[in-house]
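Comments concern the structure below.
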Amino acid sequence: MSWRERLRQAWAPVARWYAGYSRRDQRIILGVAVVALLSFLYVGPIEMIRDYHRDIVEETADTQAQVERALKTLRSLDGLRRERDELKQRLKVARAKLLPGGSGTLGAATLEERATELARSKGVEVRTKQVMREEEVGPFRRVAVRFTLAGDIGAIAAMLAGLEYENHFTIPFMELSRRGALVAANAPRTLTATIEVAGYVAGDGGGGEADAADDSFVGPPWPPAEEQPDEAAPGAGATEPPPADVPAAVEGA
């Protein structure tokens, strides 16, 4: 039996059922069947094709956005390389300013020795010294020593300038006082000063961690070299003035 005969036999009951209705009812049944067929076609294949087309449009838009981001990154590649090289150079300069020694104790000893020698060369008396607690700053260790000094304002200013611009130390704390100072005839009035001098040493391992931070860490916050002053400090004949950003609390006599 061919497929046509099978189709005719399967359709025969439907044809008899359809013929049993009046012509008006047959039209109604035919209309309902057409609407049902169209609904099936819309919900089935047509809607699937629309969803597929929508997915293709969204994927195309996402891919285009990714391509544009990649092109933007490629266009800025040279600038990123220059920035990376600049950061590496800044880190190299920062390492050159580190205190020698692989521990905070050795670094603090070196800082104390340099600050004491500078005070002696500027004519400033060092009365007391106190090693402060060291701190970890990234791959470095921050060490600090607090000094109590005595001298005229010009000598102290020259010492502060030497600490910051010659030795690349930072001065996070300073306090000046004239209380109890003696005034000699035709001589500058002596001041007492309490300052904290801080520097940096490489962390444990001799700076190995710093080598791993080439692209992200730019070193301790030392004053930039191009900001070194050119004029002499007032009142003392010094070659460098005190840093303008050093906080000071000056007490009255």
Interatomic spacing from [atom1] in [X] to [atom2] in [Y] - rounded to 0.5 Å:
X: L111; Y: K129; atom1: CG; atom2: NZ; value: 11.0 Å
X: L163; Y: R114; atom1: CG; atom2: CZ; value: 11.0 Å
X: R127; Y: F147; atom1: CZ; atom2: CZ; value: 15.0 Å
X: T63; Y: I56; atom1: OG1; atom2: CD1; value: 9.5 Å
X: T116; Y: M159; atom1: OG1; atom2: CE; value: 7.0 Å
X: E135; Y: R141; atom1: CD; atom2: CZ; value: 10.0 Å

Do [X] and [Y] make a side-chain contact, defined as non-hydrogen atoms from C-beta onward lying under 4.5 Å apart?
X: Q89; Y: K92; result: yes
X: H53; Y: V57; result: yes
X: M132; Y: P172; result: no
X: I156; Y: L160; result: yes
X: L118; Y: N167; result: yes

- Linking I/L/V/M/F/W/Y whenever their side-chain heavy atoms sit closer than 4.5 Å, directly or via other members, would L30 and W17 fall into one cluster?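 Cluster IDs for L30 and W17 match.
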Specify the closest pair of heavy atoms between [X] and [Y], including all atoms of both residues, with the distance to one decimal.
X: V201; Y: P100; value: CG1-O, 4.4 Å
X: G104; Y: V143; value: O-CG1, 3.4 Å
X: T194; Y: F173; value: O-CE2, 3.8 Å

- Are any side-chain N or O atoms of T192 and backbone N or O atoms of S177, one a donor and one an acceptor, separated by less than 3.5 Å?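 Yes: the side chain of T192 pairs with the backbone of S177.
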- Message: Closer than 4.0 angstrom, basic N to acidic O: yes or no for D51 and R54?
- Response: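 Salt bridge between D51 and R54, a charged N being under 4.0 Å from a carboxylate O: yes.
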- Message: Taking atom CD as the centre, does E125 end up with more than 12 heavy-atom neighbours from other residues, nucleotides or ligands that are less than 6.0 angstrom away?
- Response: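 Yes - once you tally the heavy atoms of other residues, nucleotides and ligands closer than 6.0 Å, there are more than 12.
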